[in-house]
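A short worksheet on the structure shown next.
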Amino acid sequence: MKAICLTEKGDLATKKWGKLDCVDIPMPEIKNDDDILIKVAYSSICGSDPLMLNGNMDVPVGAGFGHEMSGVIVDMGPGCTRRGLKIGDKVTGCFVHFCGICENCRAGKEQYCTASVQNIVPTQAEYVVWSEDQVYKLPDDADLKTAALVEPLTIAVRSVEKAEIRIGDRVAVSGGGGIGMMVLQLCKMAGASEVTLLEPVEAKRELALSLGADYAVDPLAPDFKEQIAGIVPYGFDEVIECSGNSKAAETVLEIAKNSGHVVYMAMYPLQYRLPLDLSTYLYHKELRLDGLFLATYSFTPAIRMLKRLNLDPIVQKVYKLDECQEAYQDQISGKYAKIVFDCDYQK
């Protein structure tokens, strides 16, 4: 089958980018009683995927790309009886398999499962095999293109939950990628009176305003501080940093109000160290800083929210699998909120 895989490793020290290609790999097979074979319909590019190319993530040549997907069940092992799934169901899923019985799993912290296994078969491919407990049924009328965003939507859901937005709060969302666009919509639903998006790309700022943002500001503008002071003279109640940009990680500390709440939910370069002035930000400003890893328990609410969010405009480019190099160039450019692969699903 076709799949997007790493064919040449990047080197972070020399700033050499690696290479990916659409290659033929063996079709995944059902080997366990609880395995499910899924025909992938759409698979989106995560903001973290390019880290496999630039050397930030140490992955071997041959590693597959992609973990955000939607698809249709085409075969099931005989033990798949617990979730009510059947052949022909539209589904999405979690790329990590958790044991469910270790101390962390039983405490509701699956993201720290001591026996977790990350799926090694890419979802930017024609087929994928996952265990039954990794698979979530989509509504029968779900649009498979936008449903490919469920996994990043789980991160958006958990980010907003962690922010603990109160009715009437004024919130800043840093970063206008796919998750940032979902976060700003969820913030309004959570009770924020105003949401401001921080994003240097003008087209993304315009998209954010069309999706309900009250303000959209370029954080690189010379008068950025003056613009923010005009919106919130004393700072934002909550700031959710979605960009993964090192400079943005520092900027959000400056724009949060005293006793404000900052949620960092993105991946940052492994070598980056936030220069946190404890006296200024934690002592005098009493900021509360929060982080986020995975969001396994958010799959069900994320699926329920699919019809409440305006996701179609967020998917700004659709490519075929064999157009992967152009797709990733666009992803790295930062021009588009979300890029999705059409994985040749035939209805």
Side-chain angles (χ1 to χ4, degrees), residues 12 45-51 54 56-57 152 155-156 158-160 162-163 165 169-187 192 194-209 211 213-232 235-257 260-278 280-282 285 287-293 314 331-339:
L12 189 62
I45 301 180
C46 175
S48 67
D49 285 341
L51 300 181
N54 67 8
N56 254 294
M57 296 175 65
I155 304 297
R158 190 166 180 230
S159 299
V160 175
K162 281 218 161 191
I165 296 166
D169 279 356
R170 294 189 288 187
V171 182
V173 178
S174 171
I179 291 181
M181 296 298 178
M182 292 186 273
V183 165
L184 76 85
Q185 295 181 63
L186 291 169
C187 286
E194 295 176 357
V195 176
T196 299
L197 182 84
L198 312 182
E199 168 57 51
V201 178
E202 182 178 2
K204 289 182 178 179
R205 296 198 300 272
E206 293 173 354
L207 175 60
L209 292 171
L211 293 174
D214 298 279
Y215 304 95
V217 180
D218 180 357
L220 303 181
D223 63 343
F224 171 69
K225 291 183 178 180
E226 289 77 8
Q227 290 188 61
I228 295 302
I231 298 169
V232 282
F236 292 99
D237 297 290
E238 293 88 24
V239 185
I240 303 177
E241 209 302 287
C242 305
S243 73
N245 179 275
S246 302
K247 176 61 178 174
E250 300 167 30
T251 298
V252 295
L253 295 171
E254 300 173 7
I255 63 175
K257 70 187 299 184
H261 190 181
V262 178
V263 177
Y264 291 95
M265 50 70 57
M267 288 185 67
Y268 298 90
L270 294 177
Q271 295 76 18
Y272 175 67
R273 298 294 181 268
L274 178 67
L276 181 62
D277 179 345
L278 296 176
T280 297
Y281 297 115
L282 297 192
K285 287 192 70 169
L287 291 187
R288 181 154 59 104
L289 309 185
D290 224 328
L292 187 151
F293 182 30
I314 297 175
Q331 175 68 31
I332 293 166
S333 76
K335 293 186 294 185
Y336 302 105
K338 203 66 177 174
I339 296 172

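As a basis for the values below, the full set of heavy atoms in this structure was taken, side chains included, without hydrogen atoms, waters or symmetry mates. Bear in mind the structure is a predicted one, so any value in this text is a computation, not a measurement.
- Between Q331 and P50, the shortest heavy-atom distance links the atoms CG-CG, 3.8 Å.
- Using a 4.5 Å heavy-atom threshold, the side chains of T251 and F224 count as touching.
- In this structure, the separation between CD1 on I231 and CZ on R170 is 9.5 Å, given to the nearest 0.5 Å.
- Between the side chain of K338 and the main chain of G177, no donor-acceptor pair closer than 3.5 Å is present.
- The closest side-chain heavy-atom distance from F236 to V252 is not below 4.5 Å.
- Residues D169 and D237 approach most closely at CA-OD2, 3.5 Å, considering heavy atoms.
- Contact detail for G244 and A266: the closest heavy-atom pair is N-CB, 3.3 Å.
- The minimum heavy-atom distance between A208 and L184, with the atom names listed, is CB-CD2, 3.8 Å.
- Looking at Y264, its side chain does come within 3.5 Å of a backbone N or O of A249 through a donor-acceptor pair.
- Here Q227 contributes atom CD and T196 contributes atom OG1; the two are 10.0 Å apart, rounded to the nearest 0.5 Å.
- The two residues L287 and A256 have their closest heavy-atom pair at CD2-CB, 3.8 Å.
- Rounding to the nearest 0.5 angstrom, the gap separating the CG atom in D49 from the CE atom in M57 is 8.0 Å.
- Without hydrogens or angle criteria, R205 side chain to P200 main chain gives a donor-acceptor distance under 3.5 Å.
- In this structure, the side chains of L211 and L197 stay at 4.5 Å or more apart for every pair of heavy atoms.
- D290 places no side-chain N or O within donor-acceptor distance of the main-chain N or O of A163, the cut-off being under 3.5 Å.
- Contact annotation: the side chain of M182 approaches that of I179 to within less than 4.5 Å [non-hydrogen atoms, C-beta and beyond].
- Rounding to the nearest 0.5 Å gives a distance of 8.5 Å between OH of Y272 and CG of N245.
- In this structure the side chain of R158 never reaches within 4.5 angstrom of the side chain of M265, judged on heavy atoms.
- No side-chain heavy atom of C187 sits under 4.5 Å from any side-chain heavy atom of E238.
- Residues L253 and L274 form a side-chain contact, since some pair of their non-hydrogen atoms from C-beta on lies under 4.5 Å apart.
- In this structure, E250 CD and E241 CD are separated by 10.5 Å, a value rounded to the nearest 0.5 Å.
- Counting only heavy atoms from C-beta outward, the side chains of L198 and I255 approach each other to under 4.5 Å.
- Between the side chain of K204 and the backbone N or O of G334, at least one donor-acceptor pair lies under 3.5 Å.
- Here the side chain of R288 pairs no donor or acceptor atom with the backbone of H261 at under 3.5 angstrom.
- When the shell of 6.0 Å around CD of E202 is examined, it contains 12 or fewer heavy atoms from other residues, nucleotides or ligands.
- Rounding to the nearest 0.5 Å places CG of L207 at 4.0 Å from CE of M181.
- Minimum heavy-atom separation, L51 to M267: CD1-CE, 3.7 Å.
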